Amino acid sequence: MKRVSFAEFGGPDVLHLEDAEEPHAGPGQIRVAVRAAGVNPVDWRIREGQFQKVRPVELPAGVGQDAAGVVDEVGAGVDGVKAGDRVFGRGASTYAEFAVLAAWAPMPEDLTYEEAAGYPSVVETALRIIGQAGVRSGQTLLVSGASGGVGSAVLQIARDRGITVIGTAGAANQDYLRELGALATTYGQGWVDRVRGLGPVDAALDLAGSGVIRELVELTGDPRRVVSIADRGAPAHGVHFSGVTGNVPQALAKAADLISRGRLHIPVEKSYPLAEAAAAHVDSQAGHTRGRRVITV
């Protein structure tokens, strides 16, 4: 099969499309013929070697953890799914023609493969950090860097829970945030005062890692009400850095429920063929994404 891999840590240019042995489903796993794979910031952070001390990978390594596709192999002990089923989920080395998934759910009927591949990690992350921030119905959540995949999920999940959201993003994404139900403002000089003008903040999420932890603590008044997924220096300010995956099967079920009720939609900003994975990483690292980027197979 074809898969994207890297044999050394570095920039996007270390990614190569190679011929590789097909993986097979072990106990508790399924294999899918991949139709699309989600592009997540964790993918390029692993490629750069950022997590090598806490989550080491052996080189050469594949890339990607989210996928949507057609089941073609079912491992021992797996019930409720069969060859030919359309699923989306989380696994390993998903930038490939075939991938093994450890967690999955049936694809909602109205989703394309490209759309479905964009949900697993972002919804799991969104659910996890909303819970860790301790924000509840009737309160206000500030989301810094709100227009990307995780931000898009956070805004819609929060709205479904009766939480008011203030989102910061670039000028081009202000209408997009408002369409998702957020009170929107731009980042940059004076952003703290602009946020204050929109109302008091009960909790905050840092999704972009743009050096705003101190200001988020100031706005909430309590570092325990701030969670970051992008600034590894956050703990120095008493802020929780959320980097450990939560309950993926539960998140997939929740995503399917929200999608089926019309409460969650994350657009695909751009899709790339398997051979252009490096370009997908370049664009992902540049930020300013509205929704999701995916690899198509």
Side-chain angles (χ1 to χ4, degrees), residues 1-23 26 29 34 37-67 89-96 98-103 117-118 120-126 128-129 132 145 148-150 205-213 226-248 251 272 274-287 289 292-295:
M1 70 167 188
K2 297 291 186 182
R3 78 162 186 173
V4 175
S5 70
F6 59 101
E8 60 181 316
F9 297 113
D13 58 310
V14 303
L15 296 179
H16 299 286
L17 187 62
E18 65 167 6
D19 292 314
E21 294 294 325
E22 294 181 8
Q29 300 175 328
V34 178
V39 177
N40 296 294
V42 69
D43 299 342
W44 50 262
R45 290 190 171 112
I46 290 172
R47 186 207 72 222
E48 290 183 339
Q50 291 186 25
F51 297 150
Q52 199 62 3
K53 290 184 178 179
V54 295
R55 197 192 314 176
V57 298
E58 184 177 339
L59 300 178
V63 189
Q65 60 184 17
D66 290 351
R90 169 86 69 84
S93 300
T94 57
Y95 294 16
F98 295 94
V100 170
L101 302 184
S121 286
V122 298
V123 174
E124 183 280 316
T125 302
R128 168 168 33 100
I129 60 180
Q132 290 169 341
V150 174
L205 303 176
D206 166 39
L207 309 184
S210 53
V212 296
I213 295 297
V226 180
V227 177
S228 177
I229 61 169
D231 189 337
R232 299 187 69 84
H237 300 276
V239 168
H240 178 61
F241 178 83
S242 185
V244 178
T245 299
N247 189 320
V248 179
Y272 308 75
L274 197 58
E276 295 180 12
H281 278 209
V282 169
D283 291 345
S284 176
Q285 288 186 253
T289 299
R292 303 289 289 128
R293 300 182 186 277
V294 298
I295 303 288

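Note that this is a predicted model, so its numbers are computed, not measured.
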Show every donor-acceptor pair shorter than 3.5 Å between a side-chain atom in residues 230-239 and any protein atom, with sequence neighbours excluded, or say none if there are none.
residue: Asp231; atom: OD1; partner: Gly233; partner atom: N; Å: 2.9

Can you find a heavy atom in the side chain of Val39 that is under 4.5 Å from one in the side chain of Tyr95? yes
Going by atom type alone, with no hydrogens or angles, which donor-acceptor pairs under 3.5 Å involve a side-chain atom of residues 50-62 and a protein atom two or more places apart or on another chain?
residue: Gln50; atom: NE2; partner: Glu48; partner atom: OE1; Å: 2.6
residue: Gln52; atom: OE1; partner: Val57; partner atom: N; Å: 3.1
residue: Gln52; atom: NE2; partner: Val57; partner atom: O; Å: 3.0

Can you list everything that forms a side-chain hydrogen bond (donor to acceptor under 3.5 Å, both in side chains) with Arg47? Sequence neighbours excluded, please.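 If we apply the side-chain hydrogen bond (donor to acceptor under 3.5 Å, both in side chains) test to Arg47, skipping adjacent residues, the hits are His281, Gln285.
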Tell me, please, which residues at least two apart from Asn40 pass side-chain hydrogen bond (donor to acceptor under 3.5 Å, both in side chains).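 For Asn40, the residues satisfying side-chain hydrogen bond (donor to acceptor under 3.5 Å, both in side chains) (neighbours in sequence not counted) are Asp66, Arg292.
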Tell me whether Ser284 contacts the main-chain N or O of Ala280 through its side chain, where contact means a donor paired with an acceptor under 3.5 Å. no
Donor-acceptor pair, Thr94 side chain versus Gln65 backbone, under 3.5 Å?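 At least one qualifying donor-acceptor pair exists.
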Please report the interatomic distance [atom1]([X]) to [atom2]([Y]), rounded to the nearest 0.5 Å.
| X | Y | atom1 | atom2 | result |
| --- | --- | --- | --- | --- |
| Glu276 | Ile295 | CD | CD1 | 8.5 Å |
| Ile229 | Thr125 | CD1 | OG1 | 6.0 Å |
| Leu15 | Trp44 | CG | CH2 | 13.0 Å |
| Phe6 | Ile46 | CZ | CD1 | 7.0 Å |
| Lys2 | Asp19 | NZ | CG | 3.5 Å |

Partners meeting salt bridge (Lys or Arg N to Asp or Glu O under 4.0 Å) with Arg128 (sequence neighbours left out): Glu124
Could you list the residues that satisfy salt bridge (Lys or Arg N to Asp or Glu O under 4.0 Å) with Asp13, not counting sequence neighbours?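 Here no residue qualifies.
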Partners meeting side chain to side chain contact (heavy atoms under 4.5 Å, CB included) with Ala208 (sequence neighbours left out): Ser210
Please identify each residue that fulfils side chain to side chain contact (heavy atoms under 4.5 Å, CB included) with Ala103, with sequence neighbours left out.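 Listed in chain order: Val248, Pro249, Leu252.
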Would Ser121 and Val42 count as a side chain to side chain contact (heavy atoms under 4.5 Å, CB included) if you check the C-alpha gap in whole Å, the side-chain angles of each, and the deciding distance to 0.1 Å? CA-CA 10 Å; Ser121 286; Val42 69; 5.8 Å; no
Qualifying residues under ring-ring contact (aromatic ring centres under 6.0 Å, His included), relative to Phe98, sequence neighbours excluded: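 None.
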